[in-house]
2 protein chains.
Amino acid sequence: MTKTKDISAEEKILEAARQVFENKGMSGARMQEIADEAKINKSLLHYYYRSKQKLFEAVFKTAFHKLAPQINIILNSDQSICEKIRNFSMNYTSFMIKHPYLPNFILQELNRNPAFVKELISTKTFPSMKNFQKQIREAVANKKIRKIEAEQLFINILSLNIFPFVAAPLLKGFINANDKEYKTVLENRKVEVAEFIIQSIKL
Amino acid sequence: MTKTKDISAEEKILEAARQVFENKGMSGARMQEIADEAKINKSLLHYYYRSKQKLFEAVFKTAFHKLAPQINIILNSDQSICEKIRNFSMNYTSFMIKHPYLPNFILQELNRNPAFVKELISTKTFPSMKNFQKQIREAVANKKIRKIEAEQLFINILSLNIFPFVAAPLLKGFINANDKEYKTVLENRKVEVAEFIIQSIKL
DNA sequence: ATAAAGTTTAACCAAATGGTTAACAAAGAT
DNA sequence: ATCTTTGTTAACCATTTGGTTAAACTTTAT
């Protein structure tokens, strides 16, 4: 008998919960819906994760820990500034096309509960600006790039790469694109955005 | 007797609903909480707006119609490209500092129900890309700016201006800023962002 | 003054929802 | 074999929640 049970119940729950939470958010998600999606009894949810809140936190942390390494490409790697910008724009957009609900999910829940950021910061994997700040200051001092604050540049890089996913429905409306056309627009951004940024910090 | 009732109940409800919906979203908001916030009986909510859904839609449409005119600065005004970029970055950021929850609220609910965009598009006030597209194509043809698609530039402008509000809690964490410091960062962006964009489309 | 229309409230209600319990089944341990 | 631990389920429960009803109060029209 081929058992559908190569994956444990616990894993099925986490995957189902991810799907439902990402689509509906914490308050919109229903425990019954997660159970149905995982094809198990609702009580099992409480057996493995004691409450909705706990289950949610498990999903959220998993999601966040998928994104943090991406950010670290910019903040903590020994590439040149241009390399960082090109690599990040390429990698991040590729990654997001595969997980389009992730950024919206994370931003939404952090807005709902801003204090939650504090918890994340204490994590070892939470990215720090220090190295990046040093790199930018040196590049500015050595006249490699125009004068710009590291924080502002960092925000610009994230904005240009993440926003098109968070605001996808709205932007689709504005530029009057269907799903397929919009995906093409996003594909083009993989290089477009990097050049846009590099152009703007040139001397 | 000084009556607290210069504002009608209906207006009090809408204002209270705005506050609660913007903070908690459609599914997180509670009718009782809205009633308490407006200091009226819960039944009155149903008297003026028949259901939670209807009340939500009223709030949402009001919110959206506050933003649409801002977008039209870029898309439909007879300013030069640089003027548009500078004015929009200035106005939009000023406006958002006063209504920081607006963009997140709108994006969240559009993600929850993407079909809702269709309804908005039929609105007369919904911005169209046409004029802007023409302006950019001409500027590119006349070698005023480097080659760039109008859609990509448009997305870039919105990303750089809106994302810092949508992602505020996260960005505060990354750049290690408290509320006051972050507000300064945003203030600086009013001009910083415009120059960033203009620099990147120069020939 | 009185009727009619509009506004506001307290008391209710049915459905949905997160969570618990207790019984049952499967798998290891002795 | 039997005992113990782990996994799974159906039935149940208390609370929350959006929504209704009917009565009372206020304003406006006649």
Side-chain angles (χ1 to χ4, degrees), chain A residues 1-63 105 108-109 112-113 115-116, chain B residues 1-63 105 108-109 112-113 115-116:
Chain A
M1 204 225 288
T2 45
K3 40 179 173 180
T4 327
K5 212 183 168 184
D6 302 324
I7 342 133
S8 72
E10 196 171 352
E11 281 166 324
K12 281 198 294 184
I13 291 174
L14 209 60
E15 170 59 19
R18 183 193 62 77
Q19 209 168 306
V20 175
F21 277 130
E22 281 186 11
N23 276 296
K24 315 238 168 141
M26 166 67 173
S27 54
R30 297 288 161 251
M31 294 298 268
Q32 187 60 60
E33 191 182 351
I34 295 173
D36 292 347
E37 183 70 38
K39 296 198 180 72
I40 47 101
N41 188 286
K42 184 161 70 82
S43 297
L44 258 199
L45 297 182
H46 292 93
Y47 178 75
Y48 285 109
Y49 306 86
R50 287 178 23 183
S51 66
K52 189 185 184 186
Q53 180 63 27
K54 289 266 168 54
L55 177 54
F56 174 80
E57 280 169 23
V59 169
F60 184 88
K61 276 173 189 166
T62 304
F105 170 64
Q108 174 55 21
E109 299 305 330
R112 207 181 49 101
N113 179 13
F116 201 42
Chain B
M1 205 224 289
T2 45
K3 39 181 174 179
T4 325
K5 211 183 169 186
D6 302 325
I7 341 132
S8 72
E10 196 172 349
E11 282 166 324
K12 281 197 296 184
I13 290 174
L14 209 60
E15 170 58 19
R18 183 193 61 78
Q19 209 168 306
V20 175
F21 277 131
E22 282 186 9
N23 276 296
K24 315 240 169 141
M26 167 67 173
S27 54
R30 297 288 162 250
M31 295 297 267
Q32 187 59 60
E33 189 181 353
I34 295 174
D36 292 347
E37 183 69 38
K39 296 199 181 71
I40 48 104
N41 188 287
K42 184 163 69 85
S43 298
L44 258 200
L45 296 181
H46 292 91
Y47 177 74
Y48 285 109
Y49 305 86
R50 286 177 25 184
S51 65
K52 188 186 183 184
Q53 181 64 25
K54 288 266 168 54
L55 177 53
F56 174 80
E57 279 168 24
V59 169
F60 185 88
K61 275 171 189 167
T62 305
F105 170 64
Q108 175 55 23
E109 298 305 330
R112 208 182 46 104
N113 180 12
F116 202 42

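Every chain is numbered from 1 and lettered A, B, ... according to where its sequence line falls, protein lines coming before strand lines. Remember, it's a predicted structure, so these values are computed and weren't measured experimentally. Hydrogens, waters and symmetry mates are skipped; everything else that's a heavy atom, side chains included, is used.
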> Given S51(B) and K54(B), is the side chain to side chain contact (heavy atoms under 4.5 Å, CB included) satisfied, shown in steps?
Replying inline: CA-CA 5 Å; S51(B) 65; K54(B) 288 266 168 54; 3.4 Å; yes
> ring-ring contact (aromatic ring centres under 6.0 Å, His included) between F21(A) and F105(A): does it pass, once the steps are laid out?
Replying inline: CA-CA 8 Å; F21(A) 277 130; F105(A) 170 64; 7.1 Å; no
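Rounded to an integer number of Å, the gap from CG of D36(B) to P of dT9(C) is 12 Å. Rounded to an integer number of Å, the gap from NZ of K54(A) to P of dG18(C) is 16 Å. Atom pair Q32(A):CD and dT16(D):C1' shows a separation of 17 Å (rounding to whole Å applied). When rounded to the nearest whole Å, the span between CD of E33(B) and P of dG18(D) equals 10 Å. The separation between I13(B) atom CD1 and dT7(C) atom P is 11 Å, rounded to whole Å. Distance, K52(B) NZ to dA16(C) P: 15 Å, rounded to whole Å. Regarding E11(B), its CD atom lies at a distance of 15 Å from the C1' atom of dT7(C), rounded to whole Å. If you measure from atom CG of L45(A) to atom P of dT21(C), you get 17 Å, rounded to the nearest angstrom.
No donor-acceptor distance shorter than 3.5 angstrom exists from the side chain of K39(B) to the backbone of K12(B), with no hydrogens or angles considered. Side chain of E10(B) to backbone of Y48(B): no donor-acceptor contact under 3.5 angstrom is found.
Closest to the side chain of K42(A), out of dG19(C), dT7(C), dT20(C), is dG19(C). Listed nucleotides: dG19(C), dT7(C), dT9(D). Nearest to the side chain of M31(A): dG19(C). The listed nucleotides are dT8(D), dT21(C), dG18(C); the one nearest the side chain of Y48(A) is dT8(D). Which of dG18(C), dT17(D), dT8(D) sits closest to the side chain of R30(A) comes down to dG18(C). Residue Y47(A) has its side chain nearest to dT6(D) when only dT9(C), dT20(C), dT6(D) are considered. The N41(A) side chain lies nearest to dT9(D) when the options are dT9(D), dT17(C), dT8(D).
Within the nucleic acid shown, Y49(B) has no heavy atom closer than 4.0 Å to any nucleic acid atom. Among the protein residues, A35(B) comes within range of no part of the nucleic acid, since none of its heavy atoms lies under 4.0 Å from any strand.
The two residues E57(B) and F116(B) make their nearest non-hydrogen contact at CG-CZ, 4.3 Å.
Taking the nucleotide of DNA chain D with the nearest heavy atom to each of L44(A) and H46(B), the more 5' of the two is matched to L44(A).
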